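As structure tokens, the structure follows; a few thoughts come after it.
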Amino acid sequence: MDGSGLPATRSTCPYCGVGCGVMLRPNGQGGLDVRGDPDHPANFGRLCSKGSALGETVGLEQRLLTPRLNGQDSDWDSALQLVADRFSQAIAEHGPDSVAFYVSGQLLTEDYYVANKLMKGFIGSANIDTNSRLCMASSVAGHKRAFGTDTVPGTYEDLDEADLIVLVGSNLAWCHPVLYQRVLAARKARGTKIVVVDPRRTASCDGADMHLPLEPGSDVALFNRLLAEINEQGATDVAFQAQTNDFDAALEAAQSDDCSVTGLNETQIKTFCNLWVRTEKVVTIFSQGVNQSTSGSDKVNAILNCHLATGRIGKPGCGPLSVTGQPNAMGGREVGGLANMLACHLDLENADHRAAVRDFWQAPRIPDAPGFKAVDMFRAAGDGRIKALWIIHTNPAVSMPDADAVRDAIAACDFTVVSDITAETDTARLADVILPASAWAEKEGTVTNSDRTISLQRAVLPAPGQARPDWDILAEVGRRMGHMAAFDYASQSEVFREYAALSALGGYFGRDFDISALADLSDADYAALPPQRWPLTKARKGGRFFADGTFFHADGKARFLPVAWKPPAAKTEPRFPFRLNTGRLRDQWHTMTRTALSPRLAAHLPEPFADIHPEDAARLSILPADLVRLTSPVGAAILRARITDAVQPGQVFASMHWTGETAPSARIDALVPAATDPVSGQPESKAGVIALQRFEATWYGFAVTRGELHPDCAYWAKARTQTGFRVELAGVNEISDWEVEARRLFAAPEALATTITDAKRGVARVVLHEHGLVLAALFVARQPVAVIRDYLTTVPGTAGENVLTGAPPVDMPDPGPVLCSCFGIGINTIVEAIESGQVMTVDAVGAALGAGTNCGSCRPEIAALLDSVRPREPADEPI
Ligand SMILES: Nc1nc2c(c(=O)[nH]1)N[C@H]1C(S)=C(S)[C@@H](COP(=O)(O)OP(=O)(O)OC[C@H]3O[C@@H](n4cnc5c(=O)[nH]c(N)nc54)[C@H](O)[C@@H]3O)O[C@H]1N2
Ligand SMILES: Nc1nc2c(c(=O)[nH]1)N[C@H]1C(S)=C(S)[C@@H](COP(=O)(O)OP(=O)(O)OC[C@H]3O[C@@H](n4cnc5c(=O)[nH]c(N)nc54)[C@H](O)[C@@H]3O)O[C@H]1N2
Ligand code: SF4
Ligand SMILES: [Mo]
């Protein structure tokens, strides 16, 4: 029950790997009331901006509701029979390795289990890989090399007890906001120090004690130096080291590495090393700045080496913590979703493991070699080695490196199936068959978060149209391919019980992952499953690993890995002098198919941009709000320039979110090369090379509309607003009549138009009215358009006098771009409060305006404003 008196259903947030518990209550109009679950151990009631806005993203407007064959609506029987037939045919003609599944760390464990069982057990190929290859593969490889299994030793509670938290290649404030709030709470309670290791100054630096802006890709050198310092300062834990191998080799490699490649000065390095060495309770959190690198696995081991050397692992308040990206990135690793893993942390290459799993599944054969990893899988789809490809719950035409080539490969593949919830995605558009999946809040199943806590997502909304859960679709294809008994599941709980029973083999073979205590859950127990951390056996529930010095290599010991710095694969050169770093924004999730449905979330950063250092901008004559063209050896993009010293000279940062649907010229992965880590196969998504120049548009536009939009120009980017859409536009073509163009753009041939044009100055303003209300408005200029955007987004659907001026009436304050998504509070409102001297702390801003008091995701940005904006001198105040 919650405050309203109506029962709320406990579930789990479908976005990031923090794995927050939510309380859901349908609002009766298709939407949901979403609150944080105060009892969930991941968040204790907190939610970030994305979690808080979940209720706005469950509408059916963009949903795929029926199976589609070659673009035509179809039915399940035809669609599933075609999928089963085409896969069976390819296998019969070309062998099992001619088919592949590309799946996702957002699948539920039950979905993942069925997909993996079908491919590895019954099709008999290991060609199942997942977008976790782009995300967690280097951490998996690093853990296995050091520990013998892919084990995350610690827990979230360690963050509450740590005295030093180091964020390496992690923008925790934006990407795991609820954990970041937990880190800040520890800082408040016990003075925990925070260090950020990131080439870029991020929102996570706002609350940090130290920021080390190292050269991209140089983390191994930094942590090698730390290992050398640990040794030199006598901080090694000698007793613990008896439980490890190869320390001397790792130390020698560390001592011979050269830390100057980090670009950090000796004082910065020394201060960091001293702080780390002299603080017993240290947690090193790492994420994509570490993993997404051609030396990603080595970066992971360089970090693990330091924790092993000091014995700071698996003890309260200390340890390495690889934070997972997707809600079930961890579950996918457990279940064997990667092409080089079996199931339950068992190894594909181990004959005993294979035989045991084969017997358990009563499977005809299990492959003994890894299948295609993601990058190779799409190459094989493009050159005809893969004849049938099934893509589930991921959008690789946008998110894979060398995305144009991936798009071409999907289009070229003989037979492609896509399971999605969204009707129009860049990937679905290319498929022969599109299958409608049930979405979050319509289905039930488990996910595992970053600290090994398994939680249930529960259904509170009916599945719309013909949508079905992913596991159910997969199981029926398995049955139609002739494996009746193996895929005869009546429910997700039946799948889960089988999986939990299989995990006993993990225990039997001495692996870490074993949840066999859950193998006998009744359906009712499953439906009531509380969040709990694995391992879950008769003998053991949850807890930390490794403090006792027992590891999972054959000799029970951990391994140090000698590692040496290697530069990123792509080298800057005169033609491509800039390094391209890519990553995430606070309020968008990946390819935006869900978060872009929320006007509140879209308001934070509604346009794709490239962060460019002021010196570089000056040299290239790039002004604020100009458009820039980025060119790499594999592709090109056009983005808005944002000039900021948050990036270093010579580096450009852009976000990964925009797609063919939202801003076709801004698909950043079109520029990212497909270079991979030789150990993990994970792509280097953060260190491509590019050329940068001003994009010379002949006209720029800004438009708002409550209706349709059909942009057709060199650059456009659209975002949802409370009243419809806003869109930025720019072109290189001559438009002779802007009124005609506006009618085309907004598909409104009949609307009444009010137009001002000044052809000589290249200015045009067109407002279209329907039934006396503003339908749409378009503003055009030869330079980036200067109008008050946040005001204009409120205009569609109103009588809208004054719209042609592009500014609010004089008596209406302009709140500026939204900073606090929860309460829609703009930057100008907060700046005004600071300038007026009313507020001097983040809490005071909250008390005065509400900003930052719900999810807290914007608190780092409010803190940054407080640092940069000064209260007005009293003399400035009107008398
Ligand atoms: N808002 C939001 N949150 C998300 C997601 C989302 O889409 N949106 N996605 C989720 C997923 S799947 C993931 S994987 C996580 C990712 O979470 P993070 O890894 O925290 O996010 P990123 O922005 O990809 O990258 C983190 C940082 O790595 C830095 N970096 C780049 N190169 C280097 C380097 O060589 N060394 C170091 N030390 N740092 C470097 C970048 O500047 C960037 O700030 O976020 C999850 N949470
Ligand atoms: N340049 C660059 N590229 C990157 C990264 C980066 O940092 N930089 N990060 C990489 C990382 S870490 C990740 S995790 C990937 C993420 O990249 P993707 O996985 O490609 O991105 P999503 O937008 O999460 O795609 C999920 C898809 O599943 C659909 N969907 C939603 N719910 C369901 C459901 O219940 N069932 C089914 N079947 N479909 C559903 C959505 O509509 C969407 O199309 O991107 C990677 N790409
Ligand atoms: S931190 Fe935000 S996105 Fe991540 S699980 Fe929690 S509410 Fe969801
Ligand atoms: Mo990820």
Side-chain angles (χ1 to χ4, degrees), residues 12-22 34 36-37 40 42-43 46-54 104-106 130-137 139 166-182 196-205 212-220 222-223 262 285-296 299 303 322-327 329 394 399 447 449-450 455 568 579-592 594-595 601 604 611 646-648 651 653 655-657 682 684-687 855-857:
T12 315
C13 175
Y15 295 127
C16 84
V18 178
C20 295
V22 289
V34 181
D37 178 351
H40 197 289
N43 59 317
R46 280 189 177 282
L47 292 180
C48 76
S49 46
K50 294 181 299 300
S52 305
L54 272 166
S104 167
Q106 297 168 64
T130 144
N131 62 3
S132 285
R133 183 70 58 194
L134 319 180
C135 181
M136 302 315 305
S139 281
V166 185
L167 302 177
V168 192
S170 155
N171 184 8
L172 206 73
W174 278 12
C175 297
H176 300 88
V178 166
L179 285 189
Y180 189 69
Q181 294 297 325
R182 197 157 173 166
V196 177
V197 181
D198 192 314
R200 191 168 70 102
R201 194 175 69 241
T202 64
S204 305
C205 299
L212 296 176
L214 81 180
E215 280 298 306
S218 64
D219 305 70
V220 168
L222 180 66
F223 282 88
T262 59
I285 295 181
F286 54 98
S287 186
Q288 299 315 333
V290 168
N291 293 343
Q292 288 172 340
S293 158
T294 44
S295 54
K299 289 185 182 188
I303 293 170
S322 146
V323 279
T324 50
Q326 299 172 93
T394 174
S399 58
V447 290
N449 74 359
S450 295
S455 304
R579 231 183 236 293
L580 176 67
N581 180 7
T582 66
R584 293 162 167 76
L585 304 182
R586 192 190 79 190
D587 286 357
Q588 292 299 345
W589 179 258
H590 298 161
T591 72
M592 298 166 80
R594 287 175 286 168
T595 40
L601 295 181
H604 182 233
D611 279 347
V647 292
Q648 298 180 58
Q651 297 178 21
F653 174 83
S655 83
M656 61 170 292
H657 302 296
Q682 180 155 352
E684 185 152 70
S685 315
K686 291 185 160 37
C855 76
S857 302

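Counting starts at 1 for both ligands and their atoms, in listed order. A quick note: this is a predicted structure, and the numbers were derived from the prediction, not measured.
- By the 4.5 Å heavy-atom criterion applied to side chains, Gln288 and Lys686 are counted as neighbours.
- Between Gln326 and Ser104, the closest heavy-atom pair is OE1-OG, 3.6 Å.
- Side-chain contact check for Pro199 versus Gln648: some heavy-atom pair is nearer than 4.5 Å.
- Here Glu684 contributes atom CD and Thr582 contributes atom OG1; the two are 10.5 Å apart, rounded to the nearest 0.5 Å.
- At least one N or O atom of Leu585 sits closer than 3.5 Å to an N or O atom of ligand 1.
- Distances from ligand 1 to the non-hydrogen atoms of Ser293 include no value under 4.0 Å.
- Of all protein heavy atoms, the one lying nearest to atom 20 (O) of ligand 1 is Asn171 N, 2.8 Å.
- Regarding atom 47 (N) of ligand 1, its nearest protein heavy-atom neighbour is Cys175 O, 2.7 Å.
- When only interatomic distances are considered, the shortest N/O to N/O separation between Gly217 and ligand 1 falls below 3.5 Å.
- Residue-ligand proximity, His657 to ligand 1, at heavy-atom distances under 4.0 Å covers atoms 7 (O).
- Shown here are the protein N/O/S atoms lying under 2.8 Å from atom 8 (Fe) of ligand 3, water excluded: Cys13 SG.
- Of all atoms in ligand 1, numbered sequentially from 1 with element shown, those under 4.0 Å from a heavy atom of Gln588 are 1 (N), 2 (C), 6 (C), 7 (O), 8 (N).
- Every N/O-N/O distance between Glu215 and ligand 1 stays at or above 3.5 Å.
- Shown in contact with Asp198 at under 4.0 Å from a heavy atom are these atoms of ligand 1, numbered in order with element: 27 (C), 28 (O), 29 (C), 30 (N), 39 (N), 41 (C), 42 (O), 43 (C), 44 (O).
- Panel note: side chain Asn43, backbone Gly21; a donor-acceptor pair is recorded below 3.5 Å.
- No N or O atom of Ser218 sits closer than 3.5 Å to an N or O atom of ligand 1.
- In the vicinity of Lys299, heavy-atom distances shorter than 4.0 Å reach the ligand 1 atoms 34 (C), 35 (O), 36 (N).
- For the residue pair His590 / Ser399, no side-chain donor-acceptor distance below 3.5 Å is found, with atom types taken as modelled.
- The shortest distance between side-chain heavy atoms of Leu167 and Asp198 does not fall below 4.5 Å.
- Each of the following atoms of ligand 1 lies closer than 4.0 Å to a heavy atom of Trp174: 1 (N), 2 (C), 3 (N).
- Each of the atoms 14 (S), 16 (C), 19 (O), 24 (O) of ligand 1 lies under 4.0 Å from some heavy atom of Gln288.
- Here the protein heavy atom with the shortest distance to atom 9 (N) of ligand 1 is Arg584 NE, 2.8 Å.
- Within the 3.5 Å criterion, the main-chain N or O of Leu134 finds a donor-acceptor partner in the side chain of Gln682.
- Side-chain contact between Cys20 and Tyr15 is absent, with no heavy atoms from C-beta onward closer than 4.5 Å.
- Of all protein heavy atoms, the one closest to atom 12 (S) of ligand 1 is His590 NE2, 3.0 Å.
- In this structure, atom 38 (N) of ligand 1 lies nearest to the protein heavy atom Asp219 OD2, 2.7 Å.
- Interatomic distance, Thr394 OG1 to Gln106 CD, rounded to the nearest 0.5 Å: 7.0 Å.
- Protein heavy atom at the shortest distance from atom 34 (C) of ligand 1 is Gly289 O, 3.4 Å.
- Between Val197 and ligand 1, an N or O atom pair is found at a separation short of 3.5 Å.
- Residue Asn581 has at least one N or O atom closer than 3.5 Å to an N or O atom of ligand 1.
- Using a 4.5 Å heavy-atom threshold, the side chains of Met656 and Ser685 count as separate.
- Taking the six-membered ring where the residue is Trp, Trp174 and His604 present perpendicular rings, their angle passing 60° and hence far from 30°.
- A distance-only check finds a donor-acceptor pair linking the side chain of Ser450 to the backbone of Gly17 [under 3.5 Å].
- At a heavy-atom distance under 4.0 Å, only side-chain atoms of Lys50, from C-beta outward, approach ligand 1.
- Close contacts between ligand 1 and Gly169 involve ligand atoms 19 (O), 26 (C), 27 (C), 28 (O), 37 (C), 38 (N), 39 (N) [criterion: under 4.0 Å to a heavy atom].
- Within the listing of ligand 3, atoms 1 (S) sit less than 4.0 angstrom from a heavy atom of Pro177.
- Asn171 is listed as a side-chain neighbour of Arg200, based on a closest heavy-atom distance under 4.5 Å.
- Applying the 4.0 Å criterion to heavy atoms of Thr202 picks out, from ligand 1, the atoms 44 (O).
- In this structure, the side chain of Asn581 does not engage the main chain of Phe653 through any donor-acceptor pair within 3.5 Å.
- With hydrogens and angles disregarded, a donor-acceptor distance shorter than 3.5 Å links the side chain of Asn449 to the backbone of Val18.
- Given atom 13 (C) of ligand 1, the protein heavy atom at minimum distance is Gly325 CA, 3.2 Å.
- Looking at atom 18 (P) of ligand 1, its nearest protein heavy atom turns out to be Ser287 OG, 3.4 Å.
- Between Phe286 and Asp219 there is no side-chain heavy-atom pair separated by less than 4.5 Å.
- Contact annotation: the side chain of Glu215 approaches that of Gln651 to within less than 4.5 Å [non-hydrogen atoms, C-beta and beyond].
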